[in-house]
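Side chains are part of it too, since the values below use all heavy atoms of this structure and drop only hydrogens, waters and symmetry mates. Numbering of ligands and ligand atoms starts at 1, following listing order.
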Amino acid sequence: MTGKWITFEGIGGSGKTTQLNLLYNYLKNHSIEVILTKEPGGTVIGEKLRGILVNDLDIHLEKLSELFLFEADRHETIKKIVEPNVKAGKFVISDRGIDGSIAYQGFGRGLDIEMIHYLTSLATGTKKPDLTILIDVDPEVAQQRIASRSNVDIDKFDLEKLQFQANVRKGFLYMAEQEPKRVLILDGSVSSEELHQKIVNVIKCFSEDLDIL
Ligand SMILES: Nc1ncnc2c1ncn2[C@@H]1O[C@H](COP(=O)(O)OP(=O)(O)O)[C@@H](O)[C@H]1O
Ligand SMILES: [Mg+2]
């Protein structure tokens, strides 16, 4: 089987982690070799960076430092998880991927988009996800979901105002516009089960050699 790298993007509360877990179980049940990872996180260094970037509310980073650390995490994930596993013919599915910095540090925090594109290209090299599923949801709906979510680690980006989330959403939609062949927008307002079915159909069409599915 040819290895594939599939990323899930979208604002906090859009349903990424829910769908990743459903897809992971689905692929496993169909005997597909699949690796589940996340950005930031996923590698030993990435887990430390995740603490600094996402979980620790007492750390205030300068905007550029935040961007550099996200790019460092991205480089670690691509080198240590994505490239070797895809090369070995596995499916790597990732909770967020290369588009987050345009959305969060660019559209969210206001850093220059071209500069972010350039830094991300340094971090990722020529490697791009084979497919990116953008789960698009209204920020108000997403915030309501976050408020009722339990048992997850604190994410400081989820605590940002509604306007910030709306800007981040625009950033993801901008990426989909820039790269329509790679980034597929799916409506995240439907039920988890319905969205899962759609994602399974997309994966089936996308991977012709996965006749086992
Ligand atoms: N399609 C959906 N409809 C309603 N609630 C959902 C849906 N998908 C996820 N949720 C719930 O919303 C919350 C946020 O989902 P989650 O998967 O953690 O989002 P993300 O990883 O994008 O932040 C969780 O409590 C989850 O159970
Ligand atoms: Mg999540």
Problem - Proximal atoms of ligand 1 relative to Gly13 (non-hydrogen, under 4.0 Å) - result: 14 (C), 19 (O), 20 (P), 22 (O), 23 (O)
Handout entry: ligand 1 atoms in contact with Val190 (distance to a heavy atom under 4.0 Å)
Key = 1 (N), 2 (C), 3 (N)
Problem - Atom indices of ligand 1 within 4.0 angstrom of Ile11 heavy atoms, with elements - result: 22 (O)
Practice task
Return the set of residues passing salt bridge (charged side-chain N to carboxylate O under 4.0 Å, His left out) with Arg169 (not counting sequence neighbours), or none when no residue passes.
Solution key: Asp136
Completion exercise
In this structure, atom 27 (O) of ligand 1 is nearest to the protein heavy atom Thr18 OG1, 4.2 Å
Completion exercise
Nearest non-hydrogen contact to atom 11 (C) of ligand 1 from the set Arg145, Lys38, Glu194, Gln144 belongs to Arg145
Problem - Residues which pass salt bridge (charged side-chain N to carboxylate O under 4.0 Å, His left out) with Lys28, listed by chain and number, not counting sequence neighbours - result: none
Exercise for the section: At a cut-off of 2.8 Å, list the protein N/O/S atoms near the Mg ion (ligand 2), residue plus atom name. Expected result: Thr17 OG1
Practice task
Answer side chain, backbone, both or neither: which part of Ser191 comes under 4.0 Å from ligand 1, heavy atoms only.
Solution key: backbone
Problem - Flag if over 12 foreign heavy atoms under 6.0 Å of CD1, Ile154 - result: no
Fill in the blank from the handout: In terms of its nearest heavy atom to atom 18 (O) of ligand 1, the top option of Glu9, Glu193, Arg149 is Arg149
Practice task
Could you list which atoms of ligand 1 come closer than 4.0 Å to a heavy atom of Gly12?
Solution key: 23 (O)
Problem - More than 12 heavy atoms from other groups under 6.0 Å of CD on Glu33 - result: no
Practice task
State the atoms of ligand 1, each with its element, that fall below the 4.0 Å cut-off from a heavy-atom position in Thr17.
Solution key: 17 (O), 21 (O)
Handout entry: Proximal ligand 1 atoms for Ser192, defined as those under 4.0 Å from one of its heavy atoms
Key = 1 (N), 2 (C), 7 (C), 8 (N)
Exercise for the section: Heavy atoms only: give me the nearest Val190-Asp187 pair and the separation to one decimal. Expected result: CG2-O, 3.6 Å
Exercise for the section: Determine, using heavy atoms of Ser148 and all atoms of ligand 1, whether some pair is separated by less than 4.0 Å. Expected result: no
Handout entry: Closest approach of any protein heavy atom to atom 19 (O) of ligand 1, naming residue and atom
Key = Gly15 N, 3.1 Å
Practice task
Could you name each residue pair satisfying side chain to side chain donor-acceptor pair (under 3.5 Å) that touches residues 40-52, not counting sequence neighbours?
Solution key: none
Practice task
List the steps and the verdict of salt bridge (charged side-chain N to carboxylate O under 4.0 Å, His left out) for Arg149 and Asp158.
Solution key: CA-CA 12 Å; Arg149 180 169 62 184; Asp158 289 350; 2.7 Å; yes
Practice task
Mark yes when over 12 heavy atoms from residues, nucleotides or ligands other than Lys79 sit less than 6.0 Å from its NZ; otherwise mark no.
Solution key: no
Problem - Within-cut-off N or O pair, Asp95 and ligand 1, under 3.5 Å - result: no
